[in-house]
Amino acid sequence: MATPAKRATVYFDPSIHKALKLKSIETSKSISELVNEAVKAALAEDAEDVAAFEERANEPLISFSEMLKRLKKDGSI
């Protein structure tokens with residue numbers, strides 16, 4: 001059984017709201033569906049970022065100035 005949707009009030013910039021209404025019409029999806037899809041995509045991207053951060057947590061830290069020196073030595077800059 002599906003979990004019932006929760007109601008929330010969201011205030012959009014008028015131009016964003018207009019764009020959402022137009023996209024809603026063109027895609028035959030409600031504004032709620034479009035917003036849910038966008039939020040899910042943003043959260044999925046955040047989850048990927050967290051996973052990447054956790055993968056690299058044990059890598060040695062290097063300062064910005066040291067990185068610049070390495071790039072210069074390699075001829076990258």
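This is a predicted model, so every value here is computed, not measured.
Glu33 is not listed as a side-chain neighbour of Thr27, based on a closest heavy-atom distance of 4.5 Å or more. Residues Glu37 and Lys29 meet the side-chain proximity criterion, which asks for heavy atoms closer than 4.5 Å. Put simply, the side chain of Val10 does not reach to within 4.5 Å of the side chain of Val35, judged on heavy atoms. When side chains are defined from C-beta on, Glu66 counts as touching Lys69, because their heavy atoms get closer than 4.5 Å. By the 4.5 Å heavy-atom criterion applied to side chains, Tyr11 and Ile16 are not counted as neighbours.
Cluster annotation: Leu34 is connected to Leu43 through the hydrophobic network of ILVMFWY side chains, with a link wherever side-chain heavy atoms come within less than 4.5 Å.
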### Task
Starting from the C-alpha separation in whole Å, work towards a yes-or-no answer on side-chain contact (heavy atoms from CB on, under 4.5 Å) for Ile31 and Lys23.
CA-CA 8 Å; Ile31 290 177; Lys23 185 169 183 174; over 6 Å; no
### Task
Give the intermediate values and the outcome of side-chain contact (heavy atoms from CB on, under 4.5 Å) for residues Leu68 and Ile77.
CA-CA 8 Å; Leu68 289 176; Ile77 59 170; 4.1 Å; yes
### Task
Run the numbers on Glu59 and Arg56 for salt bridge (Lys or Arg N to Asp or Glu O under 4.0 Å), then give the verdict.
CA-CA 5 Å; Glu59 289 184 9; Arg56 300 183 72 176; 3.1 Å; yes
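The line from CD1 of Ile25 to OG of Ser30 is 12.5 Å long, rounded to the nearest 0.5 Å.
A donor atom on one side chain and an acceptor atom on the other are not found under 3.5 Å apart for Asp74 and Ser76. Checking Ser65 against Ser63 by side-chain atom types alone, a donor-acceptor pair falls below 3.5 Å.
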